[in-house]
J.: 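Would you mind keeping the following structure in view while I ask a few things?
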Amino acid sequence: MVMATIAMVAIAAFGYFLAIYNSLVSLKNQIGRSWANIDVLLKQRHDELPKLVSVCEGYMQHERQVFDKLSEARGALVRARSVGERAQAEQQLTAALGQFFAVAEAYPDLKANVGFLQLQSRISDLENQIADRREYYNETVTTFNTRIQQIPDMYVAGWQSLQPAELFKVDEADRRDVEIKFAVAS
C-alpha cells in the first residue's frame, strides 16, 4: 500500500513537472510566433513605403529632410537584428511616417491624389495592425516572464535555461511631441 502511494505521488509529481515544462515551451513558442506576426506586418509596411515616396516626391520637392528620415528609418530596420533593435528601428520609422503625413497635409494636390490616399490608408491600416500585434506580443512576454519567476515554474525554467524575454518598448524620445516645420516654397 505504501509503495502504491509513493508510486502515485511520483507519477503525479512527474505529470505536474511535464505540465509546467509543456506550458513554458508553449509560451516561449507563442513569443516567437507573435514576433513573427509583427515582422510580417513590418515587412508589408516596408514594401509599401517606396510606393508612397514615389507618389509624393513630385509634390514635395522641398521636403528632402522628410524623405531622408524615412530612408534612414528603413535602413535601421534592415540593419536591426535583435528584438530590441527592431523595436527601436520600428519606432523610428513610425515617427518618420507621422512627420511625413503631417507634412503631406500642406500639399492639397497630393492629398487629392488617389494613389496617395490609397497608400496612406494602407499604411495607416498596417500601423493599427502592428499596434495590435505589439500589444499581444507584450502580453505573451509578460505572462512568460512572470511564469519563469514564480515557484515552482522557476525551477523548471532554470532547468531549461530560460531567460526573460524582452518587451517591445517605446523609447523615451518617441514619447515627446514631434516638431514639424514646413519649408517655404519659393
Side-chain angles (χ1 to χ4, degrees), residues 23-60 63 65-107 110-148 162-180:
S23 66
L24 290 175
V25 167
S26 176
L27 276 172
K28 183 179 173 188
N29 290 333
Q30 283 180 354
I31 290 170
R33 184 186 72 223
S34 62
W35 178 253
N37 289 340
I38 292 171
D39 213 26
V40 166
L41 292 171
L42 293 177
K43 173 74 170 112
Q44 289 175 4
R45 180 179 67 177
H46 186 79
D47 292 345
E48 295 293 331
L49 291 178
K51 298 173 194 170
L52 183 67
V53 168
S54 175
V55 167
C56 298
E57 278 181 325
Y59 292 97
M60 299 170 61
E63 306 296 343
Q65 182 181 5
V66 174
F67 292 116
D68 290 345
K69 284 185 179 181
L70 276 174
S71 180
E72 288 172 23
R74 288 182 69 220
L77 268 172
V78 170
R79 291 186 304 275
R81 296 292 173 239
S82 71
V83 170
E85 289 173 351
R86 293 291 307 250
Q88 188 175 25
E90 191 273 331
Q91 291 297 334
Q92 182 182 354
L93 185 58
T94 298
L97 275 171
Q99 186 175 14
F100 178 81
F101 285 130
V103 168
E105 289 293 316
Y107 295 88
L110 176 60
K111 290 189 323 181
N113 181 295
V114 174
F116 172 77
L117 294 174
Q118 288 173 341
L119 288 166
Q120 183 181 28
S121 175
R122 170 77 174 131
I123 290 174
S124 295
D125 182 50
L126 286 169
E127 291 294 322
N128 290 332
Q129 290 180 44
I130 290 167
D132 289 343
R133 297 295 187 335
R134 281 192 310 216
E135 183 178 343
Y136 176 73
Y137 173 83
N138 281 343
E139 286 176 20
T140 305
V141 166
T142 300
T143 301
F144 176 79
N145 289 346
T146 301
R147 291 271 315 272
I148 67 172
L162 296 177
Q163 299 297 316
E166 192 173 345
L167 289 168
F168 201 110
K169 296 178 184 174
V170 175
D171 288 340
E172 197 58 42
D174 293 328
R175 295 175 196 266
R176 288 185 248 127
D177 286 338
V178 176
E179 183 179 333
I180 299 170

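Hydrogens, waters and symmetry mates play no part in the numbers below; they use all other heavy atoms, side chains included. Since the model is a prediction, treat every value here as computed from it, not as a measurement.
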J.: Measuring from R134:CZ to N37:CG, what's the distance to the nearest 0.5 Å?
T.: 14.0 Å
J.: Within the 4.5 Å heavy-atom criterion, are I148 and F144 side-chain neighbours or not?
T.: yes
J.: Can you name the nearest heavy-atom pair linking W35 to A87, along with the distance?
T.: CH2-N, 4.4 Å
J.: Quick one: CD1 on I123 to CG on L52, what's the gap to the nearest 0.5 Å?
T.: 4.5 Å
J.: Applying side-chain hydrogen bond (donor to acceptor under 3.5 Å, both in side chains), name anything that partners K43, two or more places apart in sequence or on another chain.
T.: D47
J.: To the nearest 0.5 Å, what is the distance between CZ (R133) and CG (N128)?
T.: 11.5 Å
J.: Out of curiosity, T140 OG1 to Q30 CD, how far, rounded to the nearest 0.5 Å?
T.: 5.5 Å
J.: So, using salt bridge (charged side-chain N to carboxylate O under 4.0 Å, His left out) as the criterion, who are the partners of D68 when residues are at least two apart?
T.: R64
J.: What pairs of residues pass the ring pair (Phe, Tyr, Trp, His ring centres under 6.0 Å) test when at least one of them lies in residues 83-102, not counting sequence neighbours?
T.: F67-F100
J.: Does a donor on one side chain and an acceptor on the other come within less than 3.5 Å for S124 and Q120?
T.: no
J.: Of all residues at least two apart in sequence or in a different chain, which pass the side-chain contact (heavy atoms from CB on, under 4.5 Å) check with L167?
T.: N138, V141, T142, K169
J.: Can you list the residues that meet the side-chain hydrogen bond (donor to acceptor under 3.5 Å, both in side chains) rule with D125, with sequence neighbours excluded?
T.: Q129
J.: Could you list the residues that satisfy side-chain hydrogen bond (donor to acceptor under 3.5 Å, both in side chains) with Q118, not counting sequence neighbours?
T.: none
J.: Among residues at least two apart in sequence or on other chains, which ones pass salt bridge (charged side-chain N to carboxylate O under 4.0 Å, His left out) with R147?
T.: D153
J.: Specify the closest pair of heavy atoms between R74 and P50, including all atoms of both residues, with the distance to one decimal.
T.: NH2-CG, 3.4 Å
J.: Can you list the residues that meet the side-chain hydrogen bond (donor to acceptor under 3.5 Å, both in side chains) rule with D39, with sequence neighbours excluded?
T.: R86
J.: Under the criterion side chain to side chain contact (heavy atoms under 4.5 Å, CB included), I'd like the reasoning laid out for L27 against I31: C-alpha separation, chi angles, the key distance, then a yes or no.
T.: CA-CA 6 Å; L27 276 172; I31 290 170; 5.6 Å; no
J.: Quick one: list whatever passes side-chain contact (heavy atoms from CB on, under 4.5 Å) with V40, sequence neighbours left out.
T.: Q44
J.: State the CG-CG distance between L24 and N29, to the nearest 0.5 angstrom.
T.: 11.0 Å
J.: R122: which residues meet the salt bridge (charged side-chain N to carboxylate O under 4.0 Å, His left out) condition with it, sequence neighbours left out?
T.: E48
J.: Is a side-chain N or O of R79 found less than 3.5 angstrom from the main chain of G75, in a donor-acceptor match?
T.: yes
J.: I'd like to check the salt bridge (charged side-chain N to carboxylate O under 4.0 Å, His left out) partners of E85; sequence neighbours left out, ordered by chain and number.
T.: none
J.: Taking the side chain as C-beta and beyond, is there a heavy-atom pair between I130 and T94 under 4.5 Å?
T.: no
J.: Taking all heavy atoms of A96 and all of L70, pick out the closest pair and write down the distance.
T.: CB-CD2, 3.9 Å
